Amino acid sequence: MTITSPHLGSPSSAWTDARLLYALEEVVETELNRHLKVAKDWMPHEYVPFSDGRNFPGIFEDGEAWEKEQSKVTEIGRIALVVNLLTEDNLPSYHHEIASLFGRDGAWGTWVHRWTAEEGRHGIVMRDYLLTSRAVDPDKLEQFRMAHMAEGFESDNRHSMLHSVAYVAFQELATRVSHRNTGHQSGDPVCDRMLARIATDENLHMVFYRNLLKAAFDLAPDLTMQAVRDVIVNFRMPGHGMPGFERAAAQMAIGEVYNMRIHHDDVIQPVLRFLKVLEIDGLGPEGLKAQEEIGLYMGGLDAEASKFDEKLAARKARMAARAKA
């Protein structure tokens with residue numbers, strides 16, 4: 001996409017966040033209009049099996065205490081669902097971060113509010129499903145939510161508009177993949193359909209930011225290349241600060257919901273390939289250095305993912321052998 005801007009062709013040092021926001025406003029409006037045409041409204045309550053629900057202990061005399069056996073959701077599905085929901089729960093903090101960075105006016109502001117409204121559905125439907133289907137301990141879920149949100153959230157990339165755009169281009173895809181794989185591993189077709197619906201939203205959000213990142217490469221290729229380099233090398237999911245995240249992430253890796261191989265093959269690589277990041281030419285010294293470092297990092301990530309694949313395959317073989325014994 002070609003952008004006409006009074007700043008086009010300016011040296012990298014001339015690109016401030018304010019100038020980039022202004023220069024990309026037209027692209028944001030175009031992408032917003034495209035998004036509104038293809039996005040479909042949906043009703044969270046239509047994805048929840050409310051007829052399966054019953055009272056928990058509390059003000060109800062007939063309340064029934066939660067037990068793991070009450071739900072058909074698998075153990076890995078339960079772990080991933082809690083991580084995914086707690087991530088969605090921090091929406092107020094995410095909104096504050098992007099509204100502070102992108103602004104509340106014009107096309108940028110319209111997108112920020114639309115994105116927040118769409119993301120809000122995800123937390124609504126997931127919590128309703130989890131409580132109605134008794135997939136998780138409701139007391140622990142609320143305790144985790146309070147602890148997680150009380151800590152607040154501060155983006156690793158709040159210092160830079162380009163870094164933030166680069167991060168969400170990858171993060172929205174990572175979230176989509178995590179939701180979709182959680183549904184596949186949940187053991188419940190109702191859960192799978194719900195998370196597939198959420199994943200569709202996340203994919204559209206990824207497309208918005210990915211296309212915006214493409215326009216940023218057209219405007220300021222060196223700075224954008226450095227931002228992409230920094231983001232993928234230091235990538236963390238937004239829920240990294242929640243209670244027990246490291247253990248849950250390890251379990252999700254083994255359960256093939258989200259691991260290094262998935263991160264490389266299904267998240268980082270597709271965005272880099274679509275944007276042809278490693279094929280961009282005409283870069284200055286800093287941009288070229290960043291491009292080379294991206295290539296080296298991806299090679300190292302692929303090698304680490306292969307080691308993980310081998311360990312996972314060996315683990316599966318051991319478990320299969322024990323099952324036959």
Side-chain angles (χ1 to χ4, degrees), residues 44-45 47-50 52-58 64-94 118-153 171-199 201-202 235-260 262-263 267:
H45 56 267
Y47 288 81
V48 180
F50 286 107
D52 293 346
R54 52 198 185 277
N55 295 334
F56 288 103
E64 181 182 351
W66 179 84
E67 294 181 8
K68 187 181 295 187
E69 294 73 21
Q70 294 167 347
S71 171
K72 65 183 72 173
V73 171
T74 61
E75 182 64 19
I76 186 58
R78 183 177 294 108
I79 292 167
L81 280 163
V82 171
V83 169
N84 291 352
L85 176 57
L86 290 179
T87 301
E88 299 286 357
D89 275 335
N90 242 353
L91 181 61
S93 291
Y94 307 149
E118 291 184 5
E119 288 286 344
R121 286 181 178 142
H122 303 167
I124 291 170
V125 72
M126 289 178 68
R127 175 165 281 99
D128 284 350
Y129 167 81
L130 290 176
L131 296 180
T132 300
S133 67
R134 292 184 169 241
V136 300
D137 184 333
D139 292 345
K140 287 186 178 179
L141 182 65
E142 178 60 11
Q143 290 162 7
F144 285 158
R145 187 191 70 84
M146 285 295 295
H148 184 40
M149 293 194 69
E151 284 295 314
F153 172 80
Q171 180 267 321
E172 292 283 6
L173 183 52
T175 304
R176 177 227 179 241
V177 168
S178 180
H179 281 310
R180 200 69 193 94
N181 289 344
T182 298
H184 292 330
Q185 301 286 355
S186 69
D188 181 7
V190 174
C191 180
D192 195 20
R193 286 194 295 271
M194 172 191 68
L195 292 176
R197 177 59 262 185
I198 292 174
D201 281 0
E202 303 289 9
F235 186 87
R236 296 195 295 176
M237 291 293 274
H240 60 82
M242 68 179 62
F245 178 79
E246 294 299 331
R247 183 169 186 270
Q251 292 170 307
M252 289 168 67
I254 294 171
E256 298 182 86
V257 171
Y258 201 94
N259 54 41
M260 280 191 289
I262 293 169
H263 184 64
V267 177

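The model shown is predicted, which means the values in this text are computed figures rather than measured ones.
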Under 3.5 Å, side chain of [X] to main-chain N/O of [Y], donor-acceptor pair present?
{"X": "Trp66", "Y": "Val136", "value": "yes"}
{"X": "Ser178", "Y": "Thr175", "value": "no"}
{"X": "Gln70", "Y": "Ala65", "value": "yes"}
{"X": "Tyr94", "Y": "Thr87", "value": "yes"}

[X] to [Y] - nearest heavy-atom pair and separation:
{"X": "Arg176", "Y": "Ala199", "answer": "CG-O, 3.3 Å"}
{"X": "Ser71", "Y": "Val73", "answer": "OG-N, 3.0 Å"}
{"X": "Leu195", "Y": "Thr182", "answer": "CD1-CG2, 3.6 Å"}
{"X": "Val190", "Y": "Pro49", "answer": "CG1-CD, 4.0 Å"}
{"X": "Ala135", "Y": "Arg78", "answer": "O-NE, 2.6 Å"}
{"X": "Val257", "Y": "Ala80", "answer": "CG1-CB, 4.2 Å"}

Taking atom [atom1] of [X] and atom [atom2] of [Y], what is their separation to the nearest 0.5 Å?
{"X": "Cys191", "Y": "Met126", "atom1": "SG", "atom2": "CE", "answer": "7.5 Å"}
{"X": "Gln185", "Y": "Leu81", "atom1": "CD", "atom2": "CG", "answer": "11.5 Å"}
{"X": "Asp137", "Y": "Leu131", "atom1": "CG", "atom2": "CG", "answer": "10.5 Å"}
{"X": "Asn84", "Y": "Ile79", "atom1": "CG", "atom2": "CD1", "answer": "11.5 Å"}
{"X": "Glu119", "Y": "Leu91", "atom1": "CD", "atom2": "CG", "answer": "6.5 Å"}
{"X": "Ile254", "Y": "Asn259", "atom1": "CD1", "atom2": "CG", "answer": "9.5 Å"}

Check: [Y] and [X] side chains under 4.5 Å, non-hydrogen atoms:
{"X": "His45", "Y": "Phe50", "answer": "yes"}
{"X": "Arg127", "Y": "Leu85", "answer": "yes"}
{"X": "Arg134", "Y": "Glu64", "answer": "yes"}
{"X": "Val125", "Y": "Asp128", "answer": "no"}

Pair Asp188, Ser133: side-chain N/O donor-acceptor within cut-off below 3.5 Å |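 Their side chains do not contain a donor-acceptor pair, so the 3.5 Å distance test is not met.
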
Met149: side chain to side chain contact (heavy atoms under 4.5 Å, CB included) partners, not counting sequence neighbours =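 Expected list: Asp89, Asn90, Pro92, Arg145.
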
Inspect the contact between Lys68 and Glu75 and indicate whether a charged nitrogen and a carboxylate oxygen are less than 4.0 angstrom apart.
->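 Between Lys68 and Glu75 there is a salt bridge, with a charged N closer than 4.0 Å to a carboxylate O.
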
By ring-ring contact (aromatic ring centres under 6.0 Å, His included) - contacts of Tyr47 (at least two apart) |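 If we apply the ring-ring contact (aromatic ring centres under 6.0 Å, His included) test to Tyr47, skipping adjacent residues, the hits are Trp42.
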
Counterpart residues, ring-ring contact (aromatic ring centres under 6.0 Å, His included), relative to Phe235 (two or more places apart) |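 ring-ring contact (aromatic ring centres under 6.0 Å, His included) list for Phe235, sorted by chain: Tyr167, His263.
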
